[in-house]
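A, B, ... follow the sequence lines: proteins, then strands. Residue 1 opens every chain.
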2 protein chains.
Amino acid sequence: MDNAVGTNEKVGFNSWCPLLIFDSMQKLKELAQKIRKIGKDDPRRVLHSLKVGLALTLVSIFYYVNPLFHGLGTSTMWAVFTVVVVMEYTVGGTLSKGLNRAFATLLAGALGLGAHHLAALAGDKGEPILLGMFVFMLAAMATFSRFMPEIKARYDYGVTIFILTFSLVAVSSYRVEELIKLAYQRLSTVAIGVTTCLCTSMFVFPIWAGEDLHMLVAANLDKLACFLEGMGVEYFGEKMESGSLEGKSFLQSYKTVLNSKATEDSLANFARWEPGHGRFGFRHPWNQYLKIGAITRHCACSIDALNAYISTLQQSHKTTTDLEFKQKVQVACANMSKETGKALAELASSIREMKWSSIAGKHLAIATETACRVKALVPAENSTLLEVLISATTVSLLTEVVRCTNPVIAAVEELSRLAEFKRPEHGRKAGTVKPIADIESLPHAVIVIEK
Amino acid sequence: MDNAVGTNEKVGFNSWCPLLIFDSMQKLKELAQKIRKIGKDDPRRVLHSLKVGLALTLVSIFYYVNPLFHGLGTSTMWAVFTVVVVMEYTVGGTLSKGLNRAFATLLAGALGLGAHHLAALAGDKGEPILLGMFVFMLAAMATFSRFMPEIKARYDYGVTIFILTFSLVAVSSYRVEELIKLAYQRLSTVAIGVTTCLCTSMFVFPIWAGEDLHMLVAANLDKLACFLEGMGVEYFGEKMESGSLEGKSFLQSYKTVLNSKATEDSLANFARWEPGHGRFGFRHPWNQYLKIGAITRHCACSIDALNAYISTLQQSHKTTTDLEFKQKVQVACANMSKETGKALAELASSIREMKWSSIAGKHLAIATETACRVKALVPAENSTLLEVLISATTVSLLTEVVRCTNPVIAAVEELSRLAEFKRPEHGRKAGTVKPIADIESLPHAVIVIEK
């Protein structure tokens with residue numbers, strides 16, 4: 001109670017109003033900084049925003065200029081509508097949506113007219129019932145087709161527009177007299193909208209999905225290279241004993257690679273729609289980028305395992321007894337790490353400049369050879385040693401798996417508290433991993449080892 | 001040449017026409033099987049498709065029924081339109097889009113009216129210019145706001161509708177006399193559409209994003225558990241020597257976990273919009289699922305490293321000299337693998353049943369303890385042995401990184417061929433990693449090891 005009174009007094013002393021103003025000023029300032037950062041990180045974002053404004057203004061001219069307006073009537077609205085929905089960040093995105101929209105409108109419009117004529121045969125009373133059935137069936141079938149991965153990836157938007165246009169034409173055919181005129185107006189306004197979008201997208205500072213994908217794949221390789229070269233210098237290098245790796249940026253940067261699949265997939269999907277541009281032909285092998293991306297992620301996974309193992313090691317602070325042996329291994333590790341890093345960096349620059357060089361292969365061959373030689377370093381006095389080494393690695397990797405399961409338990413336990421899971425009735429304090437002493441009384445297979 | 005003639009003859013012999021029919025029959029059959037599989041894998045997909053058809057048919061009734069039609073006029077179209085665009089697979093998706101659409105329409109409609117009144121002050125000639133400027137500015141600003149991650153994640157669709165409605169109202173205000181009536185009609189039709197969607201989505205076989213997320217997170221834990229338990233039995237277990245692991249399904253299933261981030265993010269995003277349902281309250285801690293998901297992926301990465309190492313080992317076929325030692329390690333590994341698997345399976349079922357149990361912790365404690373004990377297995381006659389062990393693991397992990405860089409080189413080399421990268425002029429055959437003998441002549445750090 002005392003405490004609460006104290007707090008109240010403090011608040012009273014500072015008085016609310018200036019505090020609130022100061023607070024919101026602070027927040028506004030932060031927001032402004034954030035916005036500036038977003039623009040600075042990629043200035044094309046500002047350009048894209050201006051392009052959307054431009055395309056919309058261009059299309060609204062159709063509405064303001066009298067002769068144009070009288071040709072198309074109020075359906076000019078559809079042009080505005082098309083621009084807002086079709087305009088995407090990349091040329092490929094705009095093309096994909098624009099073409100999907102145009103063809104879906106054409107197809108669904110024709111089908112809608114057909115449905116209207118068919119339904120008209122059923123007479124005044126039968127027509128709405130028949131039309132309703134058509135709409136129901138086509139909508140259900142088209143919606144189901146979206147669950148097919150191929151359609152989902154490339155024609156999802158087209159299916160939406162197909163359902164939309166078919167429903168609009170079929171339903172309004174019941175009321176509108178001049179259906180052909182309506183269809184013509186709708187088609188031409190959609191065409192105007194799509195053309196405006198495509199022109200703005202392709203001829204005013206175009207942003208190509210293909211180029212973005214190209215750069216992203218190279219950048220991801222570079223991130224892995226950066227980690228390995230950083231490790232080679234900072235951890236395995238001369239400075240090894242001097243300090244911890246905490247806070248080094250190269251330890252973190254590769255982690256974004258692990259989650260790059262969704263971005264790569266969508267860029268590759270858009271890139272396929274793009275015409276040839278700059279260094280990229282129309283049938284540029286975009287699929288190959290996805291393959292490289294998948295292998296890169298696998299590599300990133302290996303690196304993650306190495307990183308996790310090393311950070312565990314760093315915490316345990318082993319003392320060294322055989323300095324010479326340790327130094328030899330360390331030099332070999334530094335070499336492997338650096339050479340693999342150089343190979344990846346070389347690959348990245350090879351992609352970026354679209355110029356193949358076999359230097360990457362040479363770097364990797366050095367790394368591979370070092371890996372072979374380092375095994376020969378192991379003193380051969382003990383015949384079981386090689387076996388021990390192999391087992392040691394398996395055990396270490398498994399231990400790593402065991403170790404990283406711990407936070408899973410903690411996280412699920414936190415969920416169980418937050419979401420108020422049921423707990424066993426004789427509930428002891430939940431989620432505490434019991435001390436070893438307690439566990440030893442349980443029967444388990446470890447006893448075999450004790451022999 | 002001979003070969004080509006032979007092929008032609010064969011084709012001629014079979015004659016084209018029946019071949020084509022047979023071929024397309026075959027394809028149709030495959031398509032039908034595929035469609036059946038999609039429906040069988042998750043019958044809710046069929047239900048969802050029927051629901052979309054139902055919602056559309058319901059809303060088109062407004063058009064067919066005379067009294068309703070006269071109240072709203074041709075803008076009933078907007079209701080049809082809203083249903084097609086807003087109806088999503090999950091309740092959360094529909095709610096998110098529906099509310100975004102409703103509020104964005106309201107806000108943008110009001111702003112559009114304001115812009116109209118402001119522009120009208122500028123006179124007949126100034127009005128379209130001023131309106132154009134407003135549209136340009138608002139569209140550019142709103143588009144830019146979509147680059148902010150927070151807005152992108154939750155309000156992306158709302159921003160689209162905001163730009164759309166503002167442009168429509170501002171632009172058409174120049175021509176349409178009864179702007180208020182138009183705005184009223186548009187708002188009420190959007191409301192009708194959104195309400196229809198929400199009712200169909202929530203009350204007819206609802207599909208909750210939250211429940212899907214809940215199940216997905218548990219299923220991912222189960223996949224990891226399945227791998228570890230499978231490993232414990234098949235690889236470390238008694239059958240170890242009997243055969244290779246090739247073709248075992250548990251080796252592959254965990255791989256989907258690595259790419260689950262995008263799905264989890266979007267489900268969590270939708271789940272936040274959902275009201276309380278079944279076992280999930282309104283403020284269910286969805287963020288915690290994302291945390292568990294991230295840690296699970298980290299675990300999957302460790303497992304991937306282990307899997308890669310073991311499959312490399314399997315190819316090398318080491319002969320065993322010290323059977324007793326090997327067996328001890330193997331038993332310990334089997335134990336660690338199985339116990340960790342059990343812990344993860346326990347966590348999965350704990351999430352699924354929303355019932356916390358501390359059994360997972362016990363299993364993991366056994367695994368951890370085994371990991372500690374297995375180190376004591378190493379014969380202690382050699383003082384450098386522990387060091388050798390630690391180095392061995394680091395070297396093995398690094399070797400794994402080196403090894404998985406190889407396919408990256410091959411993939412980039414393939415890209416360089418497909419995309420016709422430039423090649424160095426004195427081009428020897430590209431992409432071939434040179435044999436070790438050639439590399440030995442290069443100066444490199446490995447020499448240190450040779451001492």
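- At a threshold of 4.5 Å between non-hydrogen side-chain atoms, the residues A:Thr296 and A:Ile292 count as touching.
- Note on B:Glu414, B:Glu353, B:Met148: by heavy-atom pairs under 4.5 Å with chain A, the leading option is B:Glu414.
- Within the model, atoms NZ of B:Lys338 and OG1 of B:Thr370 stand 11.5 Å from one another, a figure rounded to the nearest 0.5 Å.
- Of the inter-residue distances, the one linking B:Met133 atom CE with B:Leu138 atom CG reads 12.0 Å to the nearest 0.5 angstrom.
- Between chain A and the residues B:Val80, B:Val135, B:Val408, the largest count of heavy-atom pairs under 4.5 Å involves B:Val408.
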A:Trp356/B:Arg417 under side chain to side chain contact (heavy atoms under 4.5 Å, CB included): CA gap, chis, key distance, verdict: CA-CA 9 Å; A:Trp356 175 251; B:Arg417 269 192 301 103; over 6 Å; no
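- Ranking B:Gly132, B:Ala140, B:Ala139 against chain A, the residue ahead of the rest is B:Ala140, based on heavy-atom pairs under 4.5 Å.
- Contact count versus chain A (heavy atoms, under 4.5 Å) is highest, among B:Ile163, B:Thr57, B:Thr160, for B:Thr57.
- With a 4.5 Å cut-off on non-hydrogen atoms, B:Arg297 touches chain A through its side chain but not through its backbone.
- Between A:Leu364 atom CG and A:Met336 atom CE the span is 10.0 Å, to the nearest 0.5 Å.
- Contact annotation for B:Lys34: only side-chain heavy atoms (C-beta onward) come within less than 4.5 Å of a heavy atom of chain A.
- Chain B forms the most heavy-atom pairs under 4.5 Å with one residue out of A:Pro407, A:Ala262, A:Ala55, A:Ala142, and that residue is A:Pro407.
- Between chain B and the residues A:His284, A:Met354, A:Lys51, A:Lys291, the largest count of heavy-atom pairs under 4.5 Å involves A:Met354.
- Contact of A:Leu344 with chain B is made through the side chain alone, with heavy-atom distances under 4.5 Å.
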Test log, rule side chain to side chain contact (heavy atoms under 4.5 Å, CB included), inputs B:Phe136 and B:Met141: CA-CA 9 Å; B:Phe136 179 85; B:Met141 271 158 45; over 6 Å; no
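- Using a 4.5 Å cut-off between heavy atoms, B:Leu221 touches chain A through its side chain atoms alone.
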From CA spacing to verdict: side chain to side chain contact (heavy atoms under 4.5 Å, CB included), A:Asp304, B:His298: CA-CA 8 Å; A:Asp304 199 45; B:His298 181 63; 3.1 Å; yes
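- By the 4.5 Å heavy-atom criterion applied to side chains, A:Ser167 and B:Phe81 are not counted as neighbours.
- For B:Val46, the parts sitting under 4.5 Å from any heavy atom of chain A are the backbone and the side chain alike.
- Contacts of B:Leu228 with chain A are made by side-chain atoms alone, with heavy-atom separations under 4.5 Å and no backbone atom involved.
- In terms of heavy-atom pairs under 4.5 angstrom with chain A, the leader among B:Met87, B:Met137, B:His48, B:Arg45 is B:Arg45.
- The most heavy-atom pairs under 4.5 Å with chain A, out of B:Leu164, B:Val85, B:Leu306, B:Thr340, come from B:Leu164.
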Criterion side chain to side chain contact (heavy atoms under 4.5 Å, CB included) on B:Phe144 and A:Val52, from CA distance to verdict: CA-CA 10 Å; B:Phe144 188 78; A:Val52 173; over 6 Å; no
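- In terms of heavy-atom pairs under 4.5 angstrom with chain B, the leader among A:Gly281, A:Ser60, A:Pro285 is A:Pro285.
- Between A:Ala300 and A:Leu258 the shortest heavy-atom distance is CB-CD2, 3.8 Å.
- The contact between B:Ala367 and chain A is made by backbone and side chain atoms together, counting heavy-atom distances below 4.5 Å.
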